[in-house]
Amino acid sequence: MTLALSGSEIASQIEEQFPRSVVESTADSLLVKAESLLEVAGYLKTTPGLDFDYLTAITAVDYFDFFEVIYQLTSLEHNHSLVIKARCYSRDNPVLPSVVGLWRGADFQEREIYDLFGISFKGHPNLKRIVLWEGFEGHPLRKDFL
Amino acid sequence: MEVEEVYSSSELDKKEGKAINELIARSQETIPDPDEWLDEEIKRNILLTSVDAILDWARRSSMWPVFCFPACCAFEFITTAASRFDISRFGMEIVRASPRQADLMITAGTLTWKMAPQVKRIYDQMAEPKWVIAMGACAISGGIFRSSYSVVPGYNRIIPVDVYVPGCPPRPEALLHGIRMLHKKIAKESLFGEGK
């Protein structure tokens, strides 16, 4: 079975590499600053021993005060997994860096989050609606939709 | 990024979005169900009735459905078509992938606005005479998704419906009953009636 790595254990390694990039770490997940997301993700993908070569899923949650985007990473080589999260606090123009450059599988999922939550992914090569049609008003999975 | 050219142009998306929004704007009222045949019997004369009888018999005896199964009601249709319920008894076991060769649309499932232009196009491509059975709660009114932002609240927003079969999903017996009702309706149609 895939071994779920503890966020707190990885946190010290990440902190050492990128100081003040980790906001919070628990046994389940690792919350990183939005500015550091891309470099942390790149580090998790390329560092020997971690090798998170596969992005299982991206999803997002609207907590009213902020949007939280959750990345579930897996290493096919070591058969272990990790959950990292990032938050954006703006409701008018929430932006996060895109991870399509690291994992091509993020392409459609980031578009879906853009479509339904209105979060922009900076650096995405083709950021446009995927489920709803062009011209639809609003982002239906936001808590204040309707 | 070097992969950019594999993506479709956003112009195409805008065109699609515009078409959908225009369809929504056009589809705020329901299209009246075809019911001119109801009081038609009085107007018929004897000769035409005989011709009509043969034509209607031919039409209803081999209705070929077109593929239009966007959601879960499809499985009840498949069961209806399979050996136990067996719609080949009515000469309609051949479900056509081409709307040109079909004269019945069984709308088995929830329809979203994004899919609506395609369903309307399939209906428009079917040759006359053609009929529509709205199968299940979603097809009748949008069902439990009626108030959703993405669901068409009833197929009669975009195409005229002849028979409504309620259920979520309807059992094969209910669909068969609906088909029989459509047969009865076709039996009363006149080639030279006002409605045709």
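Everything numeric in this text was worked out from a predicted model, so none of it was measured.
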Can you tell me if [X] has over 12 outside heavy atoms packed within less than 6.0 Å of its [atom1]?
X	atom1	result
B:Q28	CD	yes
A:F145	CZ	yes
B:E93	CD	yes
B:R180	CZ	no
B:R121	CZ	no

Could you state the interatomic distance from [atom1] ([X]) to [atom2] ([Y]), rounded to the nearest 0.5 Å?
X	Y	atom1	atom2	value
A:K128	B:K14	NZ	NZ	9.5 Å
B:E16	A:E134	CD	CD	9.0 Å
A:F136	B:W113	CZ	CH2	12.0 Å
B:D13	A:N126	CG	CG	8.0 Å

Is there a path from B:F90 to B:F85 through hydrophobic residues (I, L, V, M, F, W, Y) whose side chains come within less than 4.5 Å of each other? yes

Answer with side chain, backbone, both or neither: which region of A:I130 has an atom nearer than 4.5 Å to a non-hydrogen atom of chain B? backbone

Run the side chain to side chain contact (heavy atoms under 4.5 Å, CB included) check on A:W133 and B:I24 step by step: do they pass? CA-CA 12 Å; A:W133 54 94; B:I24 293 175; 3.6 Å; yes

Heavy-atom closest contact (A:L132 atom, B:S150 atom, distance): CD2-CB, 4.2 Å

Can you say whether B:K15 sits under 4.5 Å from chain A via the side chain, the backbone, both, or neither, judging by heavy atoms? neither

